[in-house]
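First comes the structure, then the notes that go with it.
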Amino acid sequence: MRMRSVALVGSLLAALMAGGPGTSTAASRLSTATALDPCQERATVKVFREGGVPLLDWRENLEFDGRGTLWVAHLTKNRVEGYAPDGTLKTSLPVPGPGGIRRGADGMMYVDFGVNPLARDGGIMRFDPAAARPRAEQFVNGISGVNGLAVDADGNFYLSRELATGIVKIRPDGTKDEEWTRKADVFGTNGLEVVGDQLYASVITSTASPVVRIPLKDPAHHTTVTELSPNPLKIKLLDDLTSFDGDLVVASFRDGELIRVDPATGRSCVLANGLRMPSSVRVARAFGDHDPRRDLFVVEASGRILKVTVG
């Protein structure tokens with residue numbers, strides 16, 4: 001079983017003593033957060049799917065396939081689940097230690113595997129979401145400590161690593177772009193989201209709880225968009241993030257919050273709170289009557305799947 005609080009304890013204790021690993025000397029701080037106020041436009045939270053025993057029923061990540069199915073990475077049960085818009089479980093398939101899951105440029109679903117600090121292997125698996133009985137096959141391996149996943153318009157893949165420096169770039173043919181990875185030298189990334197020609201990453205290990213911007217064509221010139229923990233003793237343990245209505249929405253695993261961030265100014269506010277260890281958030285897309293202009297879905301380490309309606 002993977003427990004993030006256990007996996008990160010050594011790094012977090014070291015960070016508290018030393019002030020936390022930064023995002024590199026190349027990063028510039030555009031905005032430093034003070035206390036976060038509630039957003040003017042608040043959100044309503046409803047349970048889409050009940051969970052089980054917290055941590056033992058850990059759902060780690062989620063993605064919509066654009067064909068009416070919500071795919072969820074169930075970490076502790078080593079499977080990916082497919083849900084209908086009414087919450088019905090349609091199908092599931094085995095994946096060892098599934099983490100970040102995203103729809104590829106080719107319409108296939110891609111999911112990190114080996115999301116466990118003790119795993120001997122890790123990488124990406126893929127499956128056809130339109131298949132009657134989806135089966136996952138290995139796409140790339142040999143990458144340990146993976147967690148988050150993002151895909152750009154050209155079909156390149158980006159993998160975060162919580163306890164390592166450098167976001168891993170994988171080309172569409174499955175080969176590694178080592179030079180890009182060396183330049184994207186951000187330590188402790190978790191959530192990843194591509195918006196246009198920029199890759200945004202949340203950093204889980206830094207006590208400042210930063211969100212970082214990495215230009216896809218110039219990864220060495222990454223910058224800090226904002227720091228969400230002005231008090232180093234109140235690290236937020238930032239998890240996955242998504243693009244929503246021109247802003248970013250990032251999950252605070254520790255505080256049970258969804259935080260809305262303006263990527264241009266770094267201004268931030270709390271969109272929703274009272275969640276139970278949220279680990280990923282995504283915008284509903286082509287999923288029944290759920291409105292992509294208002295509806296976000298969230299998975300938690302409690303096992304719950306939530307629907308969050310903004311406004």
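Residue numbers count from 1 along this sequence. Note that this is a predicted model, so its numbers are computed, not measured.
- With no hydrogens or angles considered, a side-chain donor-acceptor pair links D240 and N61 at under 3.5 Å.
- Distance check: F287 CZ to D65 CG gives 9.0 Å after rounding to the nearest 0.5 Å.
- Atom CG of D86 sits in a crowded spot, with more than 12 heavy atoms from other residues, nucleotides or ligands closer than 6.0 Å.
- For the residue pair Y200/Q198, the side-chain donor-acceptor check at 3.5 Å is not satisfied.
- Ring geometry for F157 versus Y110: interplanar angle of 30 to 60°, hence tilted.
- Using modelled atom types and a 3.5 Å distance limit, the side chains of K176 and T181 yield no donor-acceptor pair.
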*Given the rule in the ring-ring contact (aromatic ring centres under 6.0 Å, His included) test, do F253 and W58 qualify, once you have shown the distances and angles that lead to the verdict?*
CA-CA 12 Å; F253 186 87; W58 191 318; 5.6 Å; yes
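- Between E178 and W180, the side chains place no donor N or O within less than 3.5 Å of an acceptor N or O (distance only, hydrogens not considered).
- The 12-atom threshold is not exceeded at CD of E179, counting heavy atoms of other residues, nucleotides or ligands nearer than 6.0 Å.
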*Mind running side-chain hydrogen bond (donor to acceptor under 3.5 Å, both in side chains) on T309 and D295 for me, showing each step along the way?*
CA-CA 5 Å; T309 301; D295 295 334; 2.9 Å; yes
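- Comment: D255 engages K236 in a salt bridge, judged by a side-chain N to carboxylate O separation of less than 4.0 angstrom.
- Between R282 and E193, at least one side-chain nitrogen of the basic residue sits less than 4.0 Å from a carboxylate oxygen of the acidic one, meeting the salt-bridge criterion.
- Taking the charged nitrogens against the carboxylate oxygens, E81 and R79 do have a contact shorter than 4.0 Å, which makes a salt bridge.
- The residues D291 and R293 are annotated as salt-bridged, a charged nitrogen and a carboxylate oxygen being separated by less than 4.0 angstrom.
- The structure places CD1 of I124 at 11.5 Å from CZ of R102, a figure rounded to the nearest 0.5 Å.
- Under the 3.5 Å distance criterion, with hydrogens and angles disregarded, a donor-acceptor pair is assigned to the side chains of N147 and E162.
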_Could you go through F127 and V80, starting from their C-alpha distance and side-chain angles, then the distance that decides it, and tell me whether this counts as side chain to side chain contact (heavy atoms under 4.5 Å, CB included)?_
CA-CA 10 Å; F127 62 91; V80 171; 4.1 Å; yes
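- Ion pairing of R260 with D245 is present here, as a side-chain N (NZ or NE/NH1/NH2) and a carboxylate O approach within less than 4.0 Å.
- Of all heavy-atom pairs between V281 and L62, the closest is N-CD2, 4.0 Å.
- Connection of L55 to L275 is not established within any shared hydrophobic cluster, with ILVMFWY side chains joined at heavy-atom distances below 4.5 Å, either directly or through further cluster members.
- Rounded to the nearest 0.5 angstrom, E257 CD and L238 CG are separated by 10.0 Å.
- Residue D112 holds its CG atom at 7.0 Å from OG of S160, rounded to the nearest 0.5 Å.
- Every pair passing salt bridge (Lys or Arg N to Asp or Glu O under 4.0 Å) that includes a residue from residues 47-57 is listed here, sequence neighbours excluded: D57-R59, D57-K77.
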